[in-house]
Amino acid sequence: KMRSGLSADTSANDTDFETVSRSIATGNFAGGRATGALVTGGQGQFSWHAGVMNNGTAAGDAQANDGTDMSFTVGASFGNSGNSEAWSEGDLARSGASSWIAGVTVTQDNAVADDFMTINAFGGFKAGNGMAVQAELWTRDADAGDTSDTGLYVQGSYTLAKNGSMQPGFVVRFSTLDQESAGDEETTEVLVGANAYYAAHNLKTQLQIRQVTTDLADTEDTSLDLMFTLVF
């Protein structure tokens, strides 16, 4: 799993999220898995990674091994919460101490039909009193057609103290996606969610309402999602 974005890298078991679904920007720019090797390291609050692979990290990028050049990814982050894979969404601990992370990843994907470079910048902050915020920005420049795609999201949440066996939390997210490669199509996403944590992210119920608007297609889709998670 190559580094390609904070919300794509987070959690080895992919459960440490405040929302049922990742943002539209994350879905377009990150989250793909690759055949290759990734090396990570760090010292103190500094972490770094470098990887080489035979296919890209963008979601849905499943290029064949034949006829492709190797792709590469490098990046670094700072913070007192470890690297991007160690990050867990939301301030569920309410420890009284703040925690944060900030970093950047650069990926050169060399595909059969096109070569493109993706830059991901991210940051996250937990206040220690239940308040949390995180944001990410992607830019992707492609050789074919000299096109540039951009995407971002901003997510904020507040998690209350545990009341009996349940800890309630609330989350909002706004995301945009601007694709020159798709004829200057612009898509926006607005999400509001409510969560009930019983054992942090290992046992929880999540409910969200999500609206996605696409300008060229002139569509507006609204979904209501309910998910129960158990990790053992």
Side-chain angles (χ1 to χ4, degrees), residues 1-17 21-89 99-124 134-153 155 175 177-182:
K1 188 175 183 180
M2 296 290 174
R3 300 289 184 263
S4 55
L6 182 63
S7 60
D9 301 341
T10 294
S11 173
N13 54 24
D14 289 334
T15 61
D16 290 356
F17 302 102
S21 55
R22 292 182 173 95
S23 73
I24 56 172
T26 305
N28 184 271
F29 289 95
R33 295 174 183 268
T35 303
L38 181 71
V39 180
T40 65
Q43 180 67 38
Q45 294 189 351
F46 173 73
S47 299
W48 60 269
H49 69 266
V52 59
M53 55 203 152
N54 213 102
N55 56 302
T57 60
D61 184 3
Q63 65 192 53
N65 289 339
D66 295 337
T68 65
D69 296 325
M70 300 299 288
S71 299
F72 306 92
T73 180
V74 293
S77 65
F78 297 87
N80 58 7
S81 299
N83 62 20
S84 57
E85 188 174 355
W87 182 255
S88 178
E89 292 188 2
S99 58
W100 61 280
I101 187 172
V104 62
T105 292
V106 179
T107 303
Q108 177 66 40
D109 284 320
N110 298 311
V112 175
D114 191 15
D115 296 340
F116 54 90
M117 176 179 288
T118 302
I119 300 175
N120 166 243
F122 59 85
Q134 64 185 61
E136 291 194 74
L137 170 67
W138 286 267
T139 64
R140 178 172 59 211
D141 295 316
D143 289 344
D146 193 25
T147 59
S148 179
D149 297 341
T150 60
L152 66 85
Y153 77 84
Q155 180 173 309
S175 181
L177 181 61
D178 188 355
Q179 297 174 276
E180 286 186 4
S181 60

Student check: side-chain heavy atoms of [X] and [Y] closer than 4.5 Å:
X      : Y      : answer
His49  : Thr105 : yes
Gln155 : Phe17  : no
Trp87  : Leu6   : yes
Thr147 : Gln179 : no
Leu177 : Phe29  : yes
Arg3   : Glu85  : yes
Glu89  : Asp16  : no
Phe122 : Ser7   : no

**Message:** Can you see whether Ser148 engages Asp141 through a side-chain donor-acceptor pair at a distance of less than 3.5 angstrom?
**Reply:**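 A pair is found: one side chain offers a donor N or O, the other an acceptor, under 3.5 Å apart.
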Search all heavy atoms of [X] against all heavy atoms of [Y] and return the closest pair with its distance.
X      : Y      : answer
Ser4   : Trp138 : O-NE1, 3.0 Å
Ala30  : Gly5   : CB-N, 4.4 Å
Phe116 : Ala142 : CB-CA, 3.7 Å
Ser81  : Ala86  : O-CB, 3.7 Å
Ser175 : Ala25  : OG-N, 3.5 Å
Ser71  : Asp109 : OG-CA, 3.4 Å

Rounded to the nearest 0.5 Å, what's the gap from [atom1] on [X] to [atom2] on [Y]? Could you check?
X      : Y      : atom1 : atom2 : answer
Met2   : Asp9   : CE    : CG    : 11.5 Å
Asn28  : Thr150 : CG    : OG1   : 10.0 Å
Gln108 : Met70  : CD    : CE    : 13.0 Å
Ile101 : Ser77  : CD1   : OG    : 4.5 Å

**Item:** Thr73: which of Asn120, Thr118, Thr107 passes side chain to side chain donor-acceptor pair (under 3.5 Å)
**Value:**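 Going through Asn120, Thr118, Thr107 one by one, the side chain to side chain donor-acceptor pair (under 3.5 Å) with Thr73 is satisfied by Thr107 alone.
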Judged by atom type as modelled, is there a donor-acceptor pair below 3.5 Å linking the side chain of [X] to the main-chain atoms of [Y]?
X      : Y     : result
Asn83  : Trp48 : no
Glu136 : Thr26 : no
Asn54  : Gly36 : no

**Asp149: partners by salt bridge (Lys or Arg N to Asp or Glu O under 4.0 Å), with sequence neighbours left out** =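 Counting only residues at least two positions away or on another chain, Asp149 forms a salt bridge (Lys or Arg N to Asp or Glu O under 4.0 Å) with Arg140.
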**Prompt:** In terms of the angle between their ring planes, are Phe78 and Phe46 parallel, tilted or perpendicular, with boundaries placed at 30° and 60°?
**Reply:**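 Rings of Phe78 and Phe46: tilted, as their planes differ by 30° to 60°.
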